[in-house]
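Structure first, then comments.
Note that this is a predicted model, so its numbers are computed, not measured. Letters A, B, ... mirror the listed sequences (proteins, then strands); counts begin at 1.
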2 protein chains.
Amino acid sequence: MKPTVHDIAARAGVSLATVDRVLNGRPGVRAPTREKVEAAVAELGFVRDVAAANLAKSRVYTFAFIIPANDNSFMIGLRGELEAVRRWAAQDRISIQLIDVPAFDAEALASALDAVRAEQMDGVAFVAIDHPLVREALERLTESGLAAVTVVSDLMNSSRAHYAGIDNLAAGRTAATLLGRFLGRRDGPILPVAGSLQVQDHRERLEGFQSVLQDQFPERVLLPVVEGGDDPVRVEALVSQAAADHPELAGIYSFGAGNRGLIRALAAFPQGRHPVTIAHELTSVTRAALLAGHIDAVLNQDAGHEVRSAIRVLKAKADGAGVVVAQERIRIDIFLKENLP
Amino acid sequence: MKPTVHDIAARAGVSLATVDRVLNGRPGVRAPTREKVEAAVAELGFVRDVAAANLAKSRVYTFAFIIPANDNSFMIGLRGELEAVRRWAAQDRISIQLIDVPAFDAEALASALDAVRAEQMDGVAFVAIDHPLVREALERLTESGLAAVTVVSDLMNSSRAHYAGIDNLAAGRTAATLLGRFLGRRDGPILPVAGSLQVQDHRERLEGFQSVLQDQFPERVLLPVVEGGDDPVRVEALVSQAAADHPELAGIYSFGAGNRGLIRALAAFPQGRHPVTIAHELTSVTRAALLAGHIDAVLNQDAGHEVRSAIRVLKAKADGAGVVVAQERIRIDIFLKENLP
DNA sequence: GAGGATTTGAGGTACGTAAATCAGAATTTT
DNA sequence: AAAATTCTGATTTACGTACCTCAAATCCTC
């Protein structure tokens, strides 16, 4: 049925050992012989049985996940998914090491990357911070042959093999469309609430949001962005303040964490007069707010999908195999009260 | 590291052969011995290396996909995904047989199921039709030990192991919320366009749509549902007729196929006066219409995800393994112009 | 406790590939 | 042409599990 190395050897008129040398790029084969083998491989359509190969090699894939020690719901959820996938992956000889780094600390992230490189693992997934130190560490990493994948936050124009996360520009644009259309003819300004504009993702979301708003809803007033630092207390204070300053406040786009504070501020609005609100990341907090009607839509990235995608891609790279592209695209999930999972 | 059958044998104080008999449920082991082995398995946390086992068995998983010979874009897309996954699955010793049946033909589906049963495959995925003949055939199937999975359309309260598809009730509810909110204060009735109310999925979508509309937008007039039979020509005629009958037509919810005709009818509306429209399934047609602004939102089920999910579940059942539940939930994707993939 | 039946042990082969050794052949260098 | 070097073949072992055979041990029944 499916051709094996034995078939290749017979077809090419060489021995098993030679086939092995060619297939695994080992030295000691002259060019003409190598070509004979390669021709046989092509003719028979041989594909290595990865399972059997791994068995023979007793291969264990070792991947590292570098995750910021952030305590917001999203990161906690991501850790949970990682833990769940870990057990599942063990059945495929995949061992996943979790490495914590301080949040927003480019230096720590860079040295974590260097540490992984020293350990000779098969691949790394990490939440990127766009900083020269990180970029340099990443280049060193990929140059030593490690596959690297960014998760949640990307590092564009770098040597990472893949990005398992959403298009934040598109997310911002989507939020603007939804918010603009939900508002309809209702007057009043919109308040954008960021976590921190230091964070690339948040900047992109804001940019997408602004561009669609200017384009499609030019008459709508966009208040200056406030930064809540992903901190519920600060977010609550900022939103309450904005509500006091702008009694006609019609919409809120919250694209950082700390939504617990946002909800508290929203609950203070008189029934039926609260601003149309769109937030990011489906957590227990935003889910409850969605059901209660405090929030109108939640844009979400599926952390579980991101983790599994990162691992699939790392494994494919380690095997030199391809990936199902569509399967690895992380969608911008839009959740309304009606389509909650 | 990971315990092997040898470790189990040593731990239980029995021979390899006995361990093998226990693990594979072969006869010839007394209860006390069996228990010793099982205890050792539990203590050491032994999990069979499926890859090695399959290698030894030269096992090939054979699954059948029974797909209605429907020529709408969605089904064509599903076939495409199946074809793509087929090559990919071959690497995992999974062989997928595609079986065509006439669309909407319960009898044909039932006998296809019976045929699969006769062939002793490992599992079946099929697009269900709720009909006694189908239900009976399914029961026969699962009773002979085959795993069965429904795709796209479910068969509730049956012995299918899994349903790889969306919650159509929730989809209808989601559409109603979006449509209602997009319309805002704009007056005018809404036209629901079904494929056929004979189809369970369409009935469910309509039901969800109606319930939310009555609940949250009670003043909105819902026109009687029209059935386009998933046929572009008929859909176009029906929508054009409705537009003529109701010049104030404000919204359309199209939850069947044949959207090519819907788009044609929409293009006839004066610029800026066309009804807010929500359709199902992201195809080249609906994608173009979304970009052109003829359609306002598309609800989608990811056919590729459904196919892969069905296969993963079938394989897990065949191995007696578990599944990552969250990974197998098919989402209701909401696409706006801004978050198109 | 003899007879038969059942249970268990020991060992082997197989799956498809990796990786190693060693001998012999071919090629290149001197 | 001899020596050194490089290439190739033949063979073996291993990975973890399945499955087979044959013999030995244990059980049960009368």
To the nearest Å, give me how far apart CD (A:Gln91) and C1' (D:dT17) are. 15 Å
What nucleotide among C:dA19, D:dT11, C:dT17 has an atom nearest to a side-chain atom of A:Asp20? C:dA19
Mind checking A:Arg21 for me? I need base, sugar-phosphate or nothing, with any heavy atom below 4.0 Å counting as a touch. base
Please check the phosphate of C:dT6 (OP1 and OP2 only) for any side-chain N or O of B:Arg30 closer than 4.0 Å. no
To the nearest Å, give me how far apart CZ (A:Arg26) and C1' (D:dT6) are. 17 Å
Go nucleotide by nucleotide along DNA chain D from the 5' end; which of A:Gly28 and B:Lys57 gets its closest nucleotide reached first? A:Gly28
Can a donor-acceptor pair be found, under 3.5 Å and without considering hydrogens, that links the side chain of B:Asp105 to the backbone of B:Glu107? yes
Tell me, do B:Asn54 and B:Tyr61 make a side-chain contact under 4.5 Å, heavy atoms counted? yes
Atom-pair distance (NE2 on B:His6; C1' on C:dG12), nearest Å: 12 Å
Contact class for A:Asp49 (heavy atom, under 4.0 Å): base, sugar-phosphate, or nothing? sugar-phosphate
A:Ser15 vs D:dG9: side-chain N/O to OP1/OP2 distance below 4.0 Å: yes
With sugar-phosphate meaning primed atoms plus P, OP1 and OP2, does A:Val50 contact a base, only sugar-phosphate, or nothing at under 4.0 Å between heavy atoms? nothing
Judged by atom type as modelled, is there a donor-acceptor pair below 3.5 Å linking the side chain of A:Asn24 to the main-chain atoms of A:Arg26? no
Whole angstrom value for the distance that separates P of D:dT17 from CG of B:Leu23: 8 Å
What is the distance, rounded to the nearest whole Å, between atom CD1 of B:Ile8 and atom C1' of C:dT8? 18 Å
Taking only side-chain nitrogens and oxygens of B:Thr18, does any of them come within less than 4.0 Å of OP1 or OP2 of C:dT8? no
Spacing of A:Asn24 atom CG relative to C:dG16 atom C1', expressed in whole Å: 13 Å
Kindly check if the number of other-residue, nucleotide or ligand heavy atoms within 6.0 Å of NZ (A:Lys317) is above 12? no
Students often get this wrong, so: under 4.0 angstrom with heavy atoms, is B:Ala53 touching a base, only sugar-phosphate, or nothing? sugar-phosphate
5' priority, DNA chain C, between B:Val14 and A:Ala51 [closest heavy atom]: B:Val14
Measure the distance from CZ on B:Phe46 to P on D:dG16 and round it to the nearest whole Å. 11 Å
Using a 4.0 Å heavy-atom cut-off, does B:Asn54 contact any base of the nucleic acid, only the sugar-phosphate backbone, or nothing at all? nothing
Using whole Å, what does the distance between atom C1' of nucleotide C:dA18 and atom CZ of A:Arg93 come to? 13 Å
Which nucleotide in C:dT8, C:dA18, D:dT17 has an atom nearest any side-chain atom of A:Arg48: C:dA18
Examine distances only and state if a side-chain atom of A:Arg11 and a backbone atom of A:Ala40 form a donor-acceptor pair shorter than 3.5 Å. no
